[in-house]
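Here's the structure, in structure tokens; my notes come after.
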Amino acid sequence: MAQLLAPALPGRARMRRSAPAAVSAVALIVMIGVCSSLQPGVLTVEGLTLVLSATVPLVIAAQAQMTLMAVGDIDLGIGNFVGLVTVVSATLLVSSPLTGVLVLAGLVAAYAVLGFLIHLRQVPALIATLGASFVWLGLGLFLLPTPGGTTPEWLASFGAWQPAGFPAPLLPIVVVALLVYLLSARSALGVRMRGLGSNPVALRRAGLRPVTSRVVAYAAAGVLGVLSGLVLASQTGGGDVSSASSYTLMTVAAVILGGGSFAGGTAVPWGAAVGGVTLGLVSVVLSLLDVRSDMQSAVQGVIVLAVLAGRVVVGKVLR
């Protein structure tokens, strides 16, 4: 267990860990450069606010996905969960705020219970979270069969907030990434979560309960999923259970682009944030380049593969 608690990494190991996020950061800078060359106004405060706004809920959802990937799980229901939160925001939070808050708290608790059941029954997380995704979808359709509704005034005000001097989307991105970093990399709970993903046997031998680590990870993912849904609802002004369906796979890609691992044991919140913003800007770049909508998905895939190839090359060089 002492290895799990070691705070420092050798210089080369630290470089290998941060290299993927650096590759994604380079790709992000390149895309911003392309955007600014096509539309010079992008580099203004208003321009950056416009292009970064749509990436905020994706980045927060990517942090939720990263939290679960740190313990070795993958959440196939995060997209429908975020969509369900937008529905609750556009219905219950408006008609009965207290009920809406209780429902959102209940959704976080449901995520924690899901993690407990996955650990207790040894059910593969892919299967359990896929099943949960249909539950989230069904609940969202029950509350709001068609997209619509309206968000509370305080939530709409947050979505319209435009501070002077800096792009508003940067604040939630940085704050959430910092909080997740403090949880995953600077707390005992974070060490246990990463220990569960990398070496669960050592965790048990140290007298620590793996189930606690998994439940905490799922509860944290639930909180982040709720935050992502609230931000998305503040931007769209309504609810739609299918509004974040693409997030499921995009969050996995964002985590991997940012230095995460399918094997678990790795948590790179800043990398996940960079990966999420990078993926979010891909569609902006393609729109500015007038790429046909039916071709954008294919081009997005090529860009992601190119960034991943760069990550592999850099990783081999640093070995």
Side-chain angles (χ1 to χ4, degrees), residues 3-29 55-75 78 125 170 172-199 213-214 216-218 220-221 223-225 227-228 247-281 304 307-319:
Q3 295 178 348
L4 294 175
L5 297 175
L9 290 172
R12 199 169 184 83
R14 189 180 296 109
M15 290 177 61
R16 285 198 300 267
R17 184 178 177 182
S18 60
V23 173
S24 295
V26 170
L28 174 61
I29 293 171
T55 69
V56 177
L58 174 61
V59 167
I60 299 176
Q63 299 290 351
Q65 188 72 262
M66 186 211 67
T67 302
L68 296 188
M69 291 179 70
V71 301
D73 294 348
I74 295 178
D75 185 1
I78 187 64
L170 287 180
I173 290 175
V174 172
V175 169
V176 171
L178 176 61
L179 292 176
V180 176
Y181 170 76
L182 293 176
L183 171 65
S184 62
R186 294 296 180 183
S187 71
L189 284 174
V191 172
R192 295 179 185 182
M193 287 162 51
R194 288 183 284 113
L196 176 61
S198 61
N199 196 343
S213 302
R214 180 164 272 113
V216 169
Y218 272 80
V223 171
L224 291 167
L227 290 177
S228 175
Y247 283 15
T248 298
L249 297 182
M250 289 183 70
T251 53
V252 175
V255 175
I256 297 301
L257 287 176
S261 170
F262 288 112
T266 303
V268 190
W270 302 109
V274 171
V277 173
T278 303
L279 288 176
L281 286 181
V304 171
V307 176
L308 288 175
R311 168 184 168 171
V312 172
V313 171
V314 172
K316 288 185 177 180
V317 170
L318 292 177
R319 283 181 181 175

Arg194 side chain vs Ser184 backbone, donor-acceptor pair below 3.5 Å: yes
Minimal non-hydrogen separation, Gly276 against Val59, with atom names: C-CG2, 3.9 Å
Reported CG-to-CZ distance for the pair Leu196 and Arg214, which is rounded to 0.5 angstrom: 4.5 Å
Distance-minimising heavy-atom pair for Ile173 and Ala273: CG2-CB, 4.3 Å
Donor-acceptor contact below 3.5 Å, side chain Gln63 vs main chain Val180: no
Distance in Å, Leu249 CG paired with Gln65 CD, rounded so as to fall on 0.5 Å steps: 9.0 Å
Rounded distance [0.5 Å steps], OG in Ser187 versus CG in Leu182: 8.0 Å
Between Tyr218 and Asp73: side-chain donor-acceptor atoms closer than 3.5 Å: yes
Spatial distance of atom OG1 (Thr55) from atom CE (Met250) [nearest 0.5 Å]: 10.0 Å
Considering all heavy atoms, the nearest Ile78-Ala64 contact: CD1-CB, 4.1 Å
Nearest atoms (heavy-atom pairs only) where Gly259 meets Val268: O-CG2, 4.0 Å
Verdict with reasoning, Val216 to Arg192, per side chain to side chain contact (heavy atoms under 4.5 Å, CB included): CA-CA 10 Å; Val216 169; Arg192 295 179 185 182; over 6 Å; no
Leu257 and its side-chain contact (heavy atoms from CB on, under 4.5 Å) partner, picked from Val252, Val274, Leu279: Leu279
Non-hydrogen atoms of Val71 and Ala217 that approach each other most closely: CG1-CB, 3.8 Å
Minimum heavy-atom distance between Thr251 and Thr248, given as atom pair plus value: OG1-O, 2.9 Å
